[in-house]
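Below is one structure, written out as structure tokens, with a few remarks after it.
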Amino acid sequence: MFPKNVEPVLFGLILSGLMSFVVAGISTLRAVGLIPGFPSVWISAWLTAWLFAFPIVLFVAPITRRVVHRLVAHD
């Protein structure tokens, strides 16, 4: 188990990993089609995407939380 203080970073790691995996798969499929070796091309694209996605998620998440907080009605 991880300590509570790493929760935001762990959340960002998992979220960025899953989202970049799906988006890289869709983008790769559209770009090259279902070619032999597709999984290898997909994984390569995913790792590159995740390299960028993770720090972006860490930077953007607090801003997004503030925007959402302003948009949601509070009783």
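Residues take their numbers from the sequence shown, with the count starting at 1. Because the structure is a prediction, the values reported are computed rather than measured.
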Is [Y] reachable from [X] through a run of I, L, V, M, F, W or Y residues, each pair having side-chain heavy atoms under 4.5 Å apart?
X	Y	answer
Leu18	Leu58	yes
Val41	Val23	no
Phe11	Phe2	no
Leu13	Val6	yes
Val68	Ile63	no

Over all heavy atoms of both residues, which pair between [X] and [Y] is shortest? Give the atoms and the distance, please.
X	Y	answer
Asn5	Pro8	O-CD, 3.8 Å
Ser16	Gly12	OG-O, 2.7 Å
His74	His69	NE2-O, 2.8 Å
Ile43	Phe21	CD1-CE1, 4.1 Å
Pro55	Leu51	CD-O, 3.2 Å

Open item on the list: Do Phe52 and Val57 have side chains that approach each other closer than 4.5 Å (heavy atoms only, starting at C-beta)?
Closed with: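 No, side chains not in contact.
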Kindly compute the distance separating [atom1] ([X]) from [atom2] ([Y]), expressed to the nearest 0.5 Å.
X	Y	atom1	atom2	answer
Thr28	Leu34	OG1	CG	11.5 Å
Leu15	Leu10	CG	CG	11.0 Å
Trp42	Leu47	CH2	CG	12.0 Å

Task: Ring geometry between Trp50 and Trp46 (parallel below 30°, tilted from 30 to 60°, perpendicular above 60°) - done: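 Aromatic pair Trp46/Trp50 classed parallel.
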